[in-house]
Amino acid sequence: MKLLRFCLIFLSIFLSPAWAAYHLLEKVEISPFLKGVSVIFSFDRLPPYKVSGREGKRGVILRFQETRIANTDWIKSLRKSIIKSIDIAAEENGLRVELFTEKPVFYKVRPEKNGLILTLLEGSPGKSSKKAKKVGKVTHEWYQKISLPPLEESPIEVPLTRARYTGTPISVDFQNADIHAVLRLLAKVGGFNVVASDSVKGKVTLRLENVPWDQVLDIVLASKGLGMIRVGNIVRVAPLEELREQARRIREIKEEQAREEDVAPLETVYFQINYAKAQDVAEQIKKILSDRGEVTYEERTNQVILKDVPKVIREARELIERIDQPTKQVLIEARIVEIQDNYEHKLGIRWAGAGWRLSQHTFTGVSPQTNLGLDSDLSAPQVTGIQPGTVNIGIDPGAIVDLGVAGTSRLGFTFGHVSHESALFLDVQLSALESEGVARIISSPRVITEDHQEAEIKQGFRIPYLRQTQDGISTEFVDAALRLKVVPHVTPDNRITLELEIEKNAPDFGRQVNGVPSIVTRYAKTRVIVQNGDTVVIGGIIERNLSKSSDRVPGLSRVPGAGELFKNRQRAFSKNELIVFITPRIVSVDITGVY
């Protein structure tokens, strides 16, 4: 509450001669719940009262007749809620209590034997009747929604507040049955142990068909104003007020112990840090230091020095046990597979011919022969101007049609006709090439690193090249290398998240600019989740090249049939594949005492 104002006119009240005739307001309790609050007024006996809403429904005004305040100890224990402030004032022979809220509320009043329960619920003014009706239908609204402090580290369970019940359905029929016997029966059905307080008394009458046993237990407890606390397999049952009061006493004892520890003498301890950095651990301990505490670290021995009260030292020791753990290591193995498949087929022709007439001492055509020799026939009639013997004629190399393919196997034929008057030669060469090859290149970089730590491995070339600058020509280097860069993250279920960057660059000496080779680049960057020891394919590239070409002699190559003598054909096919495999493995470290 932002403001708590009490206008108590004690003097006029306590000096009144008719004090004994008044009703006494002993205690006021505020119990907030979701979007609402319950205000419980406790009296020695309930006085006549009137309730009305404030203007704009932003609060409630209660008037108790013939009422006075017995004590004011309860003022210190009021809890914050949707109530902004409270005014309590003496009014004639009674009390006027005015509750202020920031938002419009709807109220429900339920009288008890020695008290009054006021329930305030936030809501829209346009739905006042509907909200008020809904609140009226809920029995023990204050009892269900009340917020109780935990007792001995276990919460106090209030009956009829569960979202659902999961117990085995049972049917019961009790008439004036002792509540202790009923609790023992339900404990046996539910499979738990029960301990009942001496304050648990009374009879129970109920008949239920096919109802979950845990719901039956809640109904029995609610009918007697009881609550329960679960500690393992033991259920403790007692009145809610008794549990609430005991929880408050335990809380006060703990608060008193905490205050004593806050003023206790300071102690100095030295913590040896084994796996983490002392500086990082010291930064975490600073968040839990008391006002008088201080923490430092010694980098050489990797120790944390803490000076504080015993409570903080215990918390720091627990903190160090949790964060000073060995970091998992991960081995990352990559396989980069390149497959190069090529096929080439070539077919060509090369032919030439020459003719020579002895009578005319001339020759025609172009022959690939460098020399042509003829031995005259001595028995034949002598030709005028021709003497018997050997005739040598020099002819430049060449061909009539040269459409052969280079670097291939050849098949050649030479046809000729020689007489004493003429010679005719025809030289034909068929050239063919058919080649096929498969190359596999496997690169397998490996690197090991700690969890959440970046690792990089690289191998390859550094290619120099010249660069023109304002100061002249400088030499710079470009990496042409295989590089693996990875950051692993191990999840609690031993899966591995990888931040990967893989690059494979290679110089291509077949393509050069001013003597500097170009660089063939293959690159992949991704983030994947992999099971420990599994292999995942993170990417692949397939490149296919198909080419067909032919050379021919214009015109003659189109002659049907004979046109094949005036052209050649070439066909080539190549396929390059690149596949990247990644296999991460968690590397176990055998350390005594570490699991």
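Just so you know, residue 1 is the first one in the sequence shown, and it goes up from there.
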Exercise for the section: Would you tell me whether D308 and S290 have side-chain atoms, one donor and one acceptor, within less than 3.5 Å of each other? Expected result: yes
Practice task
Working to the nearest 0.5 Å, report the span between CD of Q531 and CG of D493.
Solution key: 7.0 Å
Handout entry: salt bridge (Lys or Arg N to Asp or Glu O under 4.0 Å) partners for D214, two or more places apart
Key = R162
Exercise for the section: Check salt bridge (Lys or Arg N to Asp or Glu O under 4.0 Å) between R317 and all other residues, then give those that pass, not counting sequence neighbours. Expected result: none
Practice task
Would you please name every residue forming a side chain to side chain donor-acceptor pair (under 3.5 Å) with T168, sequence neighbours left out?
Solution key: none
Handout entry: For E315, side chain to side chain contact (heavy atoms under 4.5 Å, CB included) partners two or more places apart
Key = I288, K311
Exercise for the section: Can you measure from CD (E157) to CG (L217) and round to the nearest 0.5 angstrom? Expected result: 9.0 Å
Practice task
Measure the shortest side-chain to side-chain distance between N532 and R585 over non-hydrogen atoms and say whether it is less than 4.5 angstrom.
Solution key: yes
Exercise for the section: Go through the structure and list residues passing salt bridge (Lys or Arg N to Asp or Glu O under 4.0 Å) with K458, not counting sequence neighbours. Expected result: D479
Exercise for the section: Among V487, I586, V490, find the one that has a side-chain contact (heavy atoms from CB on, under 4.5 Å) with D451. Expected result: V490
Practice task
For the pair R483 and E501, find out whether any cationic side-chain nitrogen is under 4.0 Å from an anionic carboxylate oxygen.
Solution key: yes
Handout entry: K307: partners by salt bridge (Lys or Arg N to Asp or Glu O under 4.0 Å), with sequence neighbours left out
Key = none
Problem - By side chain to side chain contact (heavy atoms under 4.5 Å, CB included) - contacts of T301 (at least two apart) - result: E298, Q303
Practice task
Taking atom types as modelled, find out whether N342 and K575 have a side-chain donor-acceptor pair closer than 3.5 angstrom.
Solution key: no
Fill in the blank from the handout: Sorted by chain and number, sequence neighbours left out, side chain to side chain donor-acceptor pair (under 3.5 Å) with S518 holds for none
Problem - Partner set under side chain to side chain contact (heavy atoms under 4.5 Å, CB included) for D291, not counting sequence neighbours - result: none
Exercise for the section: Would you check if I502 and I582 make a side-chain contact, meaning some heavy-atom pair closer than 4.5 Å? Expected result: yes
Practice task
Please identify each residue that fulfils side chain to side chain donor-acceptor pair (under 3.5 Å) with H489, with sequence neighbours left out.
Solution key: H452, E499
Problem - T101 vs K103, side-chain contact (heavy atoms from CB on, under 4.5 Å): CA-CA, chis, key distance, verdict - result: CA-CA 6 Å; T101 60; K103 298 180 180 180; 5.7 Å; no
Problem - Non-neighbouring partners of D218 that pass side chain to side chain donor-acceptor pair (under 3.5 Å), sequence neighbours left out - result: Y165
Handout entry: Side-chain heavy atoms of L306 within contact of F271, under 4.5 Å
Key = yes
Problem - Within 6.0 Å of CD1 in I323, more than 12 heavy atoms from elsewhere - result: yes
Practice task
Identify, with sequence neighbours excluded, every residue that meets side chain to side chain contact (heavy atoms under 4.5 Å, CB included) alongside N274.
Solution key: Q272, D324
